[in-house]
**Student:** 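Have a look at this one.
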Amino acid sequence: GAAALADVRLEHRLQEVPGPKGCRIVDDTYNASPESMLAAFQALAERPRQGRLLALLGEMRELGPEAVDAHQRVGRSARQLFDRVAVLNAGQGPTLAEAAGAELVDDGEAAGWVEHHALAGDLVLVKGSRALTLDRIVTQLSERATTEVSRSDGGLS
């Protein structure tokens with residue numbers, strides 16, 4: 001029933017995948033509402049980690065008249081928690097970035113931003129509205145992590 005479905009949905013949320021340079025990418029690209037954003041921030045704050053907390057965020061869609069307020073609220077929360085934030089420059093992205101003290105990045109620069117800023121031991125949350133297809137960026141980053149590993153094994157692959 002519905003309860004089982006809710007469990008499945010949570011399993012897909014906040015999955016950790018290896019990222020470039022030994023960072024961990026926390027993939028929560030399933031959806032984004034103010035509640036799920038703040039819940040993800042909280043969950044990350046409580047996770048054990050060696051390094052810093054970074055976030056690559058995208059706008060939340062379908063919020064109607066509350067959109068600006070919601071993005072400001074989530075942005076302020078991100079500013080308090082994360083050491084560094086980037087926001088996808090789409091829709092309400094600029095509002096979110098301003099509140100978060102974040103850098104605005106274009107779609108094509110997002111993976112590069114993570115590669116440039118994340119270090120071993122860092123946790124990087126990737127989260128935004130599903131329509132932004134941030135899961136593509138997670139895939140790019142985890143693929144780059146895999147190539148790094150095969151390169152460092154003495155070039156046997």
Side-chain angles (χ1 to χ4, degrees), residues 6-61 70-153:
D7 288 342
V8 171
R9 233 177 248 147
L10 279 176
E11 261 170 51
H12 282 286
R13 295 198 48 224
L14 298 172
Q15 279 184 319
E16 274 188 45
V17 296
K21 293 193 287 201
C23 75
R24 309 280 303 163
I25 308 293
V26 180
D27 177 2
D28 194 13
T29 54
Y30 184 77
N31 72 356
S33 65
E35 296 70 32
S36 73
M37 281 276 199
L38 298 172
F41 294 178
Q42 195 54 49
L44 246 73
E46 291 163 8
R47 278 205 184 179
R49 63 179 191 279
Q50 284 83 51
R52 302 163 305 153
L53 274 181
L54 283 72
L56 171 62
L57 304 175
E59 68 161 340
M60 304 167 284
R61 296 209 174 150
H71 284 86
Q72 288 171 339
R73 201 172 71 220
V74 167
R76 285 194 298 270
S77 178
R79 181 191 287 255
Q80 288 169 353
L81 176 63
F82 294 99
D83 297 292
R84 193 155 203 157
V85 181
V87 175
L88 230 49
N89 190 6
Q92 292 281 344
T95 306
L96 181 58
E98 193 181 334
E103 294 163 71
L104 266 181
V105 295
D106 289 322
D107 195 60
E109 308 167 330
W113 182 90
V114 174
E115 279 191 296
H116 185 71
H117 293 292
L119 304 167
D122 289 353
L123 274 182
V124 186
L125 174 67
V126 181
K127 185 164 179 59
S129 185
R130 199 175 185 175
L132 296 168
T133 59
L134 284 163
D135 50 326
R136 279 178 309 111
I137 294 165
V138 171
T139 306
Q140 281 173 9
L141 290 167
S142 60
E143 279 168 3
R144 289 177 194 186
T146 320
T147 18
E148 280 176 14
V149 171
S150 58
R151 272 205 303 266
S152 61
D153 66 7

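On a predicted model such as this, the values are computed, not experimentally measured, just so you know. Throughout, numbering of the chain's residues begins at 1 and tracks the sequence.
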**Student:** Atom CG of Leu56 and atom CZ of Arg84: how far apart are they, to the nearest 0.5 Å?
**Tutor:** 13.0 Å
**Student:** Working note: Val105 + Leu88, criterion side chain to side chain contact (heavy atoms under 4.5 Å, CB included); need CA distance, chi angles, decisive distance, verdict.
**Tutor:** CA-CA 5 Å; Val105 295; Leu88 230 49; 4.0 Å; yes
**Student:** Rounded to the nearest 0.5 Å, what separates atom OG1 in Thr29 from atom CD in Gln15?
**Tutor:** 9.0 Å
**Student:** Looking only at heavy atoms, what is the nearest atom pair of Leu123 and Pro48, with distance?
**Tutor:** CD1-O, 4.4 Å
**Student:** Looking only at heavy atoms, what is the nearest atom pair of Ala111 and Gln140, with distance?
**Tutor:** CB-OE1, 3.1 Å
**Student:** Taking atom CD of Glu59 and atom CE of Met37, what is their separation to the nearest 0.5 Å?
**Tutor:** 9.0 Å
**Student:** Minimum heavy-atom separation for Ile25 and Cys23, please, with both atom names.
**Tutor:** CD1-SG, 3.9 Å
**Student:** Give a yes or no on whether the backbone of Asp135 and the side-chain of Thr139 come within a donor-acceptor separation of less than 3.5 Å.
**Tutor:** yes
**Student:** Would you call Phe41 and Leu53 a side-chain contact if the rule is heavy atoms closer than 4.5 Å?
**Tutor:** no
**Student:** Grab the two heavy atoms, one from Leu57 and one from Ala78, that are nearest each other, plus how far apart they are.
**Tutor:** CD1-CB, 4.1 Å
**Student:** Does Val126 reach the side chain of Asp27, with side-chain heavy atoms less than 4.5 Å apart?
**Tutor:** no
**Student:** I need the full list of salt bridge (charged side-chain N to carboxylate O under 4.0 Å, His left out) pairs touching residues 104-120, with sequence neighbours left out, sorted by first then second residue.
**Tutor:** Asp107-Arg136, Glu115-Arg144
**Student:** Do you know which two heavy atoms are closest between Gln72 and Thr95, and how far apart they sit?
**Tutor:** CG-CG2, 3.8 Å
**Student:** Which atom names give the shortest non-hydrogen contact between Met60 and Ser33, and what distance separates them?
**Tutor:** SD-C, 3.5 Å
**Student:** To the nearest 0.5 Å, how far apart are CH2 in Trp113 and CG in Leu141?
**Tutor:** 10.5 Å
**Student:** Got a second to check how far Leu81's CG is from Arg76's CZ, nearest 0.5 Å?
**Tutor:** 15.0 Å
**Student:** Look at the side chain of Arg61 and the backbone N and O of Ala32, then say whether any donor-acceptor pair between them is shorter than 3.5 Å.
**Tutor:** no
